[in-house]
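Lettering follows sequence order; numbering is per chain, from 1. Just so you know, these numbers use all the heavy atoms, side chains as well, and skip hydrogens, waters and symmetry mates. What you see is a predicted model; the values in this text were computed from it and never measured.
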Amino acid sequence: MGLLEQKRHFSVNLLDWYMVNRRDLPWRRHNNPYFTWVSEIMLQQTRVDTVIPYFNRFIGNFPTVQALAEAPEEEVLKNWEGLGYYSRARNLQAAARQVMELHGGEMPQDKQAVFALKGVGPYTAGAILSIAFNQPQPAVDGNVMRVLSRYFLIDEDIMKGSTRVLMEELAGELIPEGRARDFNQALMELGALVCTPKAPHCLTCPVMEQCSGRIAGRELTLPVKTKAKPPRPEQRLVAIVEGRGAHRGRVLVRQRPATGLLARMWELPHVLAAPATAGKKAGPLADEPAMALLAGSLWAEGFAARPEGLATHAEHVFSHIVWSLQVYKCTEQDQSNELPLIAAEARAAYDAQAAAKETTAPAQASEPSMIDEANISGSFDEQGEPLSAIAASDPAHDVMSGKGDGQIYRWIGPEDMDKMAFPNIFLKLISSYFAGAYDDVSE
DNA sequence: AATTCGGGGTA
DNA sequence: TACCCAGAATT
């Protein structure tokens, strides 16, 4: 068979299949460019079933570009909580403001203008232009590369940028005249429902007759893809600090910096336990040194707390890091009494870690919870007292900033959780705490 | 070209 | 366990 005939067979039969088998998805119910845009951002590296409830809530709270542009950033982040890749949320709102200022609140239809929006790359630009405006632009994602690599038996590594460009040229040629909207979605729908990664359903595939990959028996070995390098392990010590006195019934949380991992999300205070030795994963730390180190890190931030004991273990997997968490229940201490003792323990723990670090890899410079020597030496004065324990306190929200690198700390109760965005792991830990799961932790 | 960005479903 | 998901931004 000729290549031209093979292409035509693909386009015709795939489009026919899609018109019968297309899923009823929330963002497909209206031809609203804003809905298409929001859905495509959410769907980046995220499954349809995961996105659906987020999409519905998001559109309910921010029904228009203007509503999104004018919303508090904190509220947008809260609506993204649990979805991951949080820079998508910040970029989406920034782009909504771009659309308000540059395009009068209407989604632009010009390719360059769409591509210039924050968070919109080659795939998303093509998806918006084709799905929202039916423009004949390719939209090549992981599904499309898998389908095309199999059907046309393309052995190029799909991790390479040059392969995506090649796929875009091919995908563009396949779009039937005037049918970009349906065809591009058909391509992705086939990848999601039939031409799946592990066990493709070739027997029900609408284009199996001329699929070069299947005919060659290569459907399970395509696409060719170099495997990602494994995530690095990190052992971290986490504090659930139970408030006393004016803070009774609350726990101490802090907000992460505006850039980097989990930017601007709230979390429980924690500290990197053992800088990983090259090639070796750092195992769990014994409770006694762990609690001393944890108390020391809190002290360096201006908080006096006594670790009571191990509450639980937890693991949190990112694409490039695996956090193994040792979670310790702690109690806030009265500054006038137990503080000197904790300060002494903290000094010892710090000295030990600082000494250990000299024989290992250098610390990441901007790691927010990493304790570096400068921070240590700056955390104590001659009498072992904090230099500026509490910089500011807001009675209404109980806001205070620790010293250190300017992170914001806050004592919160259960009622505060509905406006602050937490990564799932801390959401679970804090919820468990408020539900009484760690009440019986003791020394 | 390689890394950095979450979190969960699936076999 | 080991992928992989309607990828983009940064280095």
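Residue R88(A) contributes atom CZ, which lies 12 Å from atom P of dA6(C) at whole-angstrom precision. For the pair M167(A) CE and dA6(C) P, the computed distance is 16 Å after rounding to whole Å. Here dG9(B) presents its P atom at 11 Å from CG of N424(A), a figure rounded to the nearest Å. Whole-Å rounding puts the R264(A) CZ to dG6(B) P distance at 13 Å. In this structure, the CD atom of E315(A) is 13 Å from the C1' atom of dG7(B), given to the nearest Å. In this structure, Q44(A) places its CD atom 16 Å from P of dG7(B), rounding to the nearest Å. In this structure, Y18(A) atom OH and dA6(C) atom P are separated by 14 Å, rounded to whole Å.
dA8(C) sits 23 Å from dG9(B) when the P atoms are compared, rounded to a whole Å. With both ends at atom C1', the span from dC5(B) to dC5(C) equals 15 Å, rounded to whole Å. Here the separation of dG6(B) from dC3(C), taken at their C1' atoms, is 16 Å to the nearest Å.
Toward the 5' end of DNA chain B, the nearer of the two residues K198(A) and L262(A), judged by each one's closest nucleotide, is L262(A).
Classification of the W80(A)-F58(A) ring pair by plane angle, with boundaries at 30° and 60°, yields perpendicular.
Nucleic acid contact for G191(A): none, since no nucleic acid atom lies under 4.0 Å from a heavy atom of the residue. Among the atoms of the strands shown, only primed sugar atoms or phosphate atoms (P, OP1, OP2) are found under 4.0 Å from some heavy atom of F318(A). Using a 4.0 Å heavy-atom cutoff across all strands shown, S39(A) reaches no nucleic acid atom at all. R28(A) comes within 4.0 angstrom of a base, heavy atoms only.
The shortest side-chain heavy-atom distance between T46(A) and Y54(A) does not fall under the 4.5 Å cut-off. The closest side-chain heavy-atom distance from L68(A) to N61(A) is not below 4.5 Å. In this structure, the side chains of N32(A) and W27(A) stay at 4.5 Å or more apart for every pair of heavy atoms.
Nearest nucleotide to the side chain of T46(A), out of dA6(C), dG6(B), dC4(C): dG6(B). Which of dG6(B), dG7(C), dA6(C) sits closest to the side chain of S319(A) comes down to dG6(B). When the nucleotides dA6(C), dT3(B), dG8(B) are ranked by their closest atom to the side chain of Y123(A), dA6(C) comes out on top. In this structure, the nucleotide among dA6(C), dT3(B), dG6(B) sitting nearest to the side chain of K229(A) is dT3(B). Distance from the side chain of W27(A) is smallest for dA6(C) among the nucleotides dA6(C), dG8(B), dG7(C).
In summary, the side chains of Q98(A) and K118(A) do not present any donor paired with an acceptor at a separation below 3.5 Å, with no hydrogens or angles considered. Remark: the Q326(A) side chain and the T312(A) side chain contain no N/O donor-acceptor pair separated by less than 3.5 Å. Checking Y433(A) against E242(A) by side-chain atom types alone, a donor-acceptor pair falls below 3.5 Å.
Taking a 4.0 Å limit (strictly below) on heavy-atom distances, residues 47-84 of chain A reaches DNA chain B at R47(A), G82(A), L83(A), G84(A). For the contact set between residues 132-162 of chain A and DNA chain C, defined by any heavy atom under 4.0 Å, the members are D141(A), G142(A), N143(A), R146(A).
Between D416(A) and R410(A) there is no salt bridge, since no side-chain nitrogen of the basic residue lies less than 4.0 Å from a carboxylate oxygen of the acidic one.
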Can you check nucleotides 9-11 of chain C for protein contacts, nitrogen or oxygen pairs under 3.5 Å, and list what you find?
| from | atom 1 | to | atom 2 | distance (Å) |
| --- | --- | --- | --- | --- |
| dA9(C) | OP1 | G119(A) | N | 2.5 |

- Hey, mind stepping through S162(A) and E156(A) against side-chain contact (heavy atoms from CB on, under 4.5 Å) and telling me if it holds? CA-CA 9 Å; S162(A) 58; E156(A) 300 297 316; 5.6 Å; no
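The six-membered or imidazole ring of F426(A) lies near that of H270(A), with a centre-to-centre distance under 6.0 Å.
The shortest distance between the side-chain N/O atoms of H316(A) and the OP1/OP2 oxygens of dG6(B) is not below 4.0 Å. An OP1 or OP2 oxygen of dG7(C) is reached within less than 4.0 angstrom by a side-chain nitrogen or oxygen of Q45(A). A close approach under 4.0 Å does not occur between any side-chain nitrogen or oxygen of N184(A) and OP1 or OP2 of dA6(C). Between dC5(B) and H320(A), a contact under 4.0 Å exists linking OP1 or OP2 to a side-chain N or O. Contact annotation: Y86(A) reaches the phosphate of dG7(B) (side-chain N/O to OP1 or OP2, under 4.0 Å).
Among residues at least two apart or in separate chains, salt bridge (Lys or Arg N to Asp or Glu O under 4.0 Å) pairs with a member in residues 166-179 of chain A are K7(A)-E173(A), R164(A)-E168(A), R179(A)-D182(A). Note on residues 18-34 of chain A: pairs passing salt bridge (Lys or Arg N to Asp or Glu O under 4.0 Å), not counting sequence neighbours, are R23(A)-E189(A), D24(A)-R29(A), R28(A)-E189(A).
For the side-chain contact (heavy atoms from CB on, under 4.5 Å) test, residues two or more places apart in sequence or in another chain that qualify with T226(A) are D157(A), M159(A).
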